[in-house]
Amino acid sequence: MRILVTGGTGYIGSQICVDLLEMGFEVVIVDNLSNSSINIVTKIEKITGKKIDFIHADITNKMELEVVFRSFQIDRVIHLAGVKSVNDSINNPLDYYSENILGTIILLDVMKKYHVNKIIFSSSATVYGIPKEVPIKEEAKLETRNPYGLTKLAIEQLLGALAQSNENLSIVILRYFNPIGAHESGEIGEKPQSIPNNLMPFITQVASGERAYLQVFGDNYNTPDGTGIRDYIHVADLSKGHIKALQYLDNHSGCEIFNLGSGSGYSVFEIIEAFQLENNIILEYEVVGKRDGDVASCVADISKAQQVLEWAPTKTIEEMCRDSWRWQQMSSQENSMKRALEKE
Ligand code: NAD
Ligand code: WQD
């Protein structure tokens, strides 16, 4: 069976491709490399010892996508391609609506033309906005306000309507909470192009000396230590959720939504503490004001994914901190070797 993974050279997509290849699937990646690098293809092949088909294409370009669907017999799609920064989306809403919504519409249109009926879509906990109840269940009220979240919500609504219009379709929407960690080999992980927005990439860059200190955004939230609580999930566990969702697609039609998180909440101070202890590193940090739009606590109720998909996260917060740090070290080493070679 051949799976098309859009955004497959990205942070989460590359982990999924590794798992798919290791499970014996054939994989085609479509990525425009706007937030990833072609080297990832070699890394995926190195980890798995298997070949992968990579097509440099943009999902907003119908002609390019059609070439992919004509060249390969695609059986299922895992759709991760898109842009993902809440802050960036506030400044560039047009890009977000175009890349995320238009890109998905074009992909769905091409899938329809080539009779591909099964898709997994990457959504986000950001659709819940300010949660009324934590842990958050899938049926909680959705009230995101930022353009990024609104694009995810619009796509979710479109997918729901599509499933109602055609009973042959099988759609799974996965709402990711806070993915961190990296592949245990240290070969693939999250590589922010500029100053990281997210907590863990910022922490690892402070640990490596690339940044002087971490800013902790607020310590007077209504949480036990005053800092924000989030549901961090190891990217390897997240990836396994997609494998389970693929199996689910085979036996079900319609559109089903699942939270993917660890089901446990950790505060910013707890993450700093865990990272320091696990990696034997002191992190410099300073508490500053709250970041606009942040909520006090966001933790998933994962019972639906556990029961229906028969999936369960396995990695501890210590493993997440260890794998994130290993990846950062290997990636910094690779960068300095590249710079040295360029100088020669
Ligand atoms: P990422 O940026 O690492 O990966 C996305 C990939 O899509 C990149 O390789 C990028 O080059 C590619 N891409 C972007 N626009 C494209 C286009 N028009 N055509 C083809 N390729 C394109 O991001 P990620 O963290 O791996 O996230 C993957 C998906 O998961 C995204 O849809 C994101 O919104 C969603 N998500 C991520 C998080 C997170 O915290 N990382 C949380 C919730 C949901
Ligand atoms: C986690 C905690 C911050 C950075 C975002 C998106 C969400 C999803 C995941 C895509 C919060 C605190 C952070 C820093 C800090 N992505 N923090 N100093 O905001 O929960 O979710 O990424 O879909 O949509 O909104 O994740 O990692 O940015 O923050 O103190 O430098 O760390 O305030 O409490 P967030 P995060």
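Computed from a predicted structure; not experimentally measured. In what follows, every heavy atom counts, from backbone to side chain, and hydrogens, waters and symmetry copies are set aside. Positions are given from 1 along the sequence. As the structure lists them, so they are numbered: ligands from 1, and atoms in each ligand from 1.
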Go through the side-chain N and O atoms of [X] and [Y] and say whether any donor and acceptor fall under 3.5 Å apart.
| X | Y | value |
| --- | --- | --- |
| Asn87 | Ser85 | no |
| His79 | Thr6 | yes |
| Asp88 | Tyr96 | yes |
| Glu319 | Thr316 | yes |
| Ser123 | Glu156 | yes |

[X] neighbourhood, listing ligand 2 atoms whose heavy-atom distance to it stays under 4.0 Å:
| X | value |
| --- | --- |
| Gln215 | 14 (C), 15 (C), 18 (N), 30 (O), 31 (O) |
| Val216 | 30 (O) |
| Thr126 | 24 (O) |
| Tyr148 | 10 (C), 23 (O), 24 (O) |

Tell me, yes or no, whether the heavy-atom count around Leu94 atom CG, taken from other residues, nucleotides or ligands under 6.0 Å, exceeds 12.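 Incorrect, the count does not exceed 12.
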
Which heavy atom of the protein is the closest neighbour of [atom], given with residue, atom name and distance?
| atom | result |
| --- | --- |
| atom 20 (O) of ligand 2 | Arg230 NE, 2.5 Å |
| atom 3 (C) of ligand 2 | Asp294 OD2, 3.4 Å |
| atom 6 (C) of ligand 2 | Val86 CG2, 4.0 Å |
| atom 27 (O) of ligand 2 | Leu199 N, 2.8 Å |
| atom 8 (C) of ligand 2 | Ser124 OG, 4.0 Å |
| atom 29 (O) of ligand 2 | Arg291 NH2, 3.4 Å |

Give the C-alpha distance, both sets of side-chain angles, the deciding distance and a yes or no for ring pair (Phe, Tyr, Trp, His ring centres under 6.0 Å) between Tyr285 and Phe269. CA-CA 10 Å; Tyr285 70 86; Phe269 283 158; 5.8 Å; yes

Evaluate [X] for polar contact with ligand 2, using N/O atom pairs at a separation under 3.5 Å.
| X | value |
| --- | --- |
| Lys84 | no |
| Ile229 | no |
| Val268 | no |

Between Arg326 and Glu187, is there a side-chain N and carboxylate O pair less than 4.0 Å apart?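 So Arg326 does not pair with Glu187 through a salt bridge.
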
From [atom], work out which of [options] has a heavy atom at the shortest distance.
| atom | options | value |
| --- | --- | --- |
| atom 14 (C) of ligand 2 | Phe217, Tyr285, Phe202 | Phe217 |
| atom 35 (P) of ligand 2 | Asn178, Val288, Asp231 | Asn178 |
| atom 22 (O) of ligand 2 | Asn197, Asn146, Asn198 | Asn198 |

Under 3.5 Å: donor-acceptor pair, side chain of [X], backbone of [Y]:
| X | Y | value |
| --- | --- | --- |
| Asp219 | Asp225 | no |
| Glu270 | Ser267 | yes |
| His115 | Met111 | no |

Please tabulate protein-ligand N/O pairs under 3.5 Å for ligand 1, atom names and distances to 0.1 Å.
residue	atom	partner	partner atom	Å
ligand 1	2 (O)	Asn35	ND2	2.7
ligand 1	3 (O)	Tyr11	N	2.8
ligand 1	9 (O)	Gly10	N	3.3
ligand 1	9 (O)	Asp31	OD1	3.2
ligand 1	9 (O)	Asp31	OD2	2.6
ligand 1	9 (O)	Ser36	OG	2.7
ligand 1	11 (O)	Asp31	OD1	2.6
ligand 1	11 (O)	Asn32	OD1	3.4
ligand 1	11 (O)	Ser34	N	3.1
ligand 1	11 (O)	Ser34	OG	3.3
ligand 1	11 (O)	Asn35	N	2.9
ligand 1	11 (O)	Ser36	OG	3.4
ligand 1	13 (N)	Asn32	OD1	3.3
ligand 1	15 (N)	Glu99	OE1	3.1
ligand 1	18 (N)	Asp58	OD1	2.9
ligand 1	18 (N)	Glu99	OE1	2.8
ligand 1	19 (N)	Ile59	N	3.0
ligand 1	21 (N)	Asn32	N	3.1
ligand 1	21 (N)	Asn32	OD1	3.3
ligand 1	23 (O)	Lys84	NZ	3.4
ligand 1	25 (O)	Lys84	NZ	2.7
ligand 1	26 (O)	Tyr11	N	3.3
ligand 1	26 (O)	Ile12	N	2.8
ligand 1	32 (O)	Leu80	O	2.8
ligand 1	32 (O)	Lys152	NZ	2.9
ligand 1	34 (O)	Tyr148	OH	2.7
ligand 1	34 (O)	Lys152	NZ	3.0

Check each heavy atom of Tyr232 against ligand 2 and say whether those closer than 4.0 Å belong to the side chain, the backbone, both or neither.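 Looking at Tyr232 and ligand 2, just side chain atoms fall under 4.0 Å.
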
Ligand 2 contact on Leu214 by region, counting heavy-atom pairs under 4.0 Å: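 Side chain only.
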
Do the numbers put Lys290 on top of the ring of Tyr221, so that NZ or CZ is under 6.0 Å from the six-membered ring centre and no more than 45° off the axis?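 Yes, Lys290 sits over the ring of Tyr221.
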
Donor-acceptor pairs under 3.5 Å, side chain of residues 302-309 to any protein atom, not counting sequence neighbours: which ones?
residue	atom	partner	partner atom	Å
Ser303	OG	Asp301	OD1	2.5
Lys304	NZ	Glu256	OE2	2.8
Lys304	NZ	Ile257	O	2.8

Quick check: do Leu214 and Phe275 have side-chain heavy atoms less than 4.5 Å from each other?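 Of all side-chain heavy-atom pairs linking Phe275 with Leu214, none is under 4.5 Å.
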
Asn117 CG to Ser170 OG distance, which is reported to the nearest 0.5 Å: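 Asn117 atom CG to Ser170 atom OG measures 8.5 Å (nearest 0.5 Å).
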
